[in-house]
Number of protein chains: 2
Amino acid sequence: MAESAGPAADETLLFLTDDQIRKGIEAMFFAYRGFTADPDRILAVQGYGRAHHRAIHFINRSPGTTVNNLLAILGVTKQSLNRVLRTLIDDGLVRSEVGTRDRRERNLYLTEAGAALERELSTAQRDRMRAAFRQAGPEAVAGFRRVLEAMMDGDMRRHYMRFRESES
Amino acid sequence: MAESAGPAADETLLFLTDDQIRKGIEAMFFAYRGFTADPDRILAVQGYGRAHHRAIHFINRSPGTTVNNLLAILGVTKQSLNRVLRTLIDDGLVRSEVGTRDRRERNLYLTEAGAALERELSTAQRDRMRAAFRQAGPEAVAGFRRVLEAMMDGDMRRHYMRFRESES
DNA sequence: CTTGGAATGTCAACAAGGCTGACATAAATT
DNA sequence: AATTTATGTCAGCCTTGTTGACATTCCAAG
């Protein structure tokens, strides 16, 4: 913070040059495409999209979660999420139960069919991630995670950390 | 490849456990949201979206690029790109010139107004990336890039590498 | 106890930006 | 001359964002 008087004048900060940063930006762009490519292909077959994947992922991650919880994590409007949730419920992939403590809430669970699709999706995505991790090596993976965590918005980092802690 | 008989039996591969992979997947998801958040805010003001940002970014990156080139990099249909390009041309942010060597082609350039918006967008995005890089440190950045490069599809890696080489 | 908000979820309508298919035009290639 | 290539355009569809209106449920203040 104190040493950033000139634009990258210090040669120990070469990884902060505009060119390095630009490469990072493009790496992020191209890699995210690969990251979603396999699930996208699977989802397209049954007429679903990325929004369905996100809902399925986080319901699987926290069974019994409420619509409001999901809204906070996914960062969309409740109307948008509701449409996706409705098709998943109608198609028998998600079960919605009236909350016991507060009957305004709906607790969401994957059905067997939902869990099966979740496994199919996450297997495809994990296979690619695993291959990338194996190719890059453990230290690269640690760096990858450190940079991504620093890039998150505060709110999202909270959700991410909550998930990280919830399993050993 | 040969040693992967059992599920993560080797303790030197702990970074390849399903749990580690899942953390990587969620890190990617949450970080990408942060990555696009600042440009999204700027674009929303002038009524543009992420599609406009992508077009502007890559036209700025390779001035004079053709429509076909852009299609290959962005991975969308020409109809979809055309709609975005048309608004950018009509709004005076992009200039389209008939190709000299091959007059079927259109060479695309940013106008002054286009370059100004590009600077505004990339400054916001670079600031966040720079902060993340600085916080994570040079070795983390190297690992970040290695993992992302391994995660790209072959085609996308080609485009990425082409860009990387095009500047020292 | 009742009543007025606040929280939660649903329904309707609209826009952006993907997609496919069909077709036109001009230029290059064979 | 015929074909292929590059680009643009029209029409129509889908997913997934948005806002607005509204129903239900809970809770707290009177």
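Convention: sequence-line order gives letters A, B, ...; per-chain numbering from 1.
Applying the 4.0 Å criterion to OP1 and OP2 of dC19(C), one finds that T77(B) has a side-chain N or O inside that range. Between N82(A) and dG9(C), a side-chain N or O to OP1/OP2 separation shorter than 4.0 Å is absent. Between R83(A) and dC14(C), a side-chain N or O to OP1/OP2 separation shorter than 4.0 Å is absent. Here R103(B) reaches the OP1 or OP2 of dA27(C): one of its side-chain N or O atoms lies under 4.0 Å away. Contact check, H52(A) against dT16(D): a side-chain N or O comes under 4.0 Å of OP1 or OP2. Of the side-chain N and O atoms in R86(A), one or more sit less than 4.0 angstrom from OP1 or OP2 of dT10(C). Close to dG17(D), at under 4.0 Å from its OP1 or OP2, lies a side-chain N or O of R54(A).
The CG-C1' distance, from N68(B) to dA27(C), rounds to 14 Å in whole Å. In this entry the distance linking CD1 of I56(B) with P of dG17(C) reads 11 Å, nearest Å. In this structure, CZ of R33(B) is placed 15 Å from P of dT16(D), rounded to the nearest angstrom. Atom C1' of nucleotide dG9(C) and atom CG of L108(A) are separated by 11 Å, given to the nearest angstrom. If you take NZ of K78(B) and P of dT20(C), they are 12 Å apart, rounded to a whole angstrom. As rounded to whole Å, 11 Å separates atom P of dC19(C) from atom CG of D40(A). With rounding to whole Å, N107(B) atom CG is found 13 Å from dA6(D) atom P. Regarding I89(B), its CD1 atom lies at a distance of 10 Å from the C1' atom of dG8(D), rounded to whole Å.
Closest heavy-atom contact between V84(A) and A55(A): CG1-CB, 4.3 Å.
Exactly one residue among V76(B), L70(B), L74(B) makes a side chain to side chain contact (heavy atoms under 4.5 Å, CB included) with R54(B). That residue is L74(B).
Contact annotation for G47(B): no contact, since no heavy-atom pair falls under 4.0 Å across all strands.
Side-chain N/O atoms of Q79(B) and base N/O atoms of dG8(D) include no donor-acceptor pair closer than 3.5 Å. Contact of R104(B) with dT5(D) (side chain to base): a donor-acceptor pair of N or O atoms is detected under 3.5 Å.
In this structure a side-chain-to-backbone donor-acceptor pair under 3.5 Å is present from R157(A) to E149(A).
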**OP:** Show your working on salt bridge (charged side-chain N to carboxylate O under 4.0 Å, His left out) between D19(B) and K23(B) and close with a plain yes or no.
**Re:** CA-CA 6 Å; D19(B) 201 50; K23(B) 282 175 190 160; 3.4 Å; yes

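Along DNA chain D, the nucleotide nearest to R106(B) and the one nearest to D102(A) differ in position, and the one closer to the 5' end is contacted by R106(B). Closest-nucleotide positions on DNA chain D for V84(A) and R101(A) were compared, and the one nearer the 5' end corresponds to V84(A).
Counting heavy atoms from C-beta on, the side chains of M28(B) and Y32(A) come closer than 4.5 Å.
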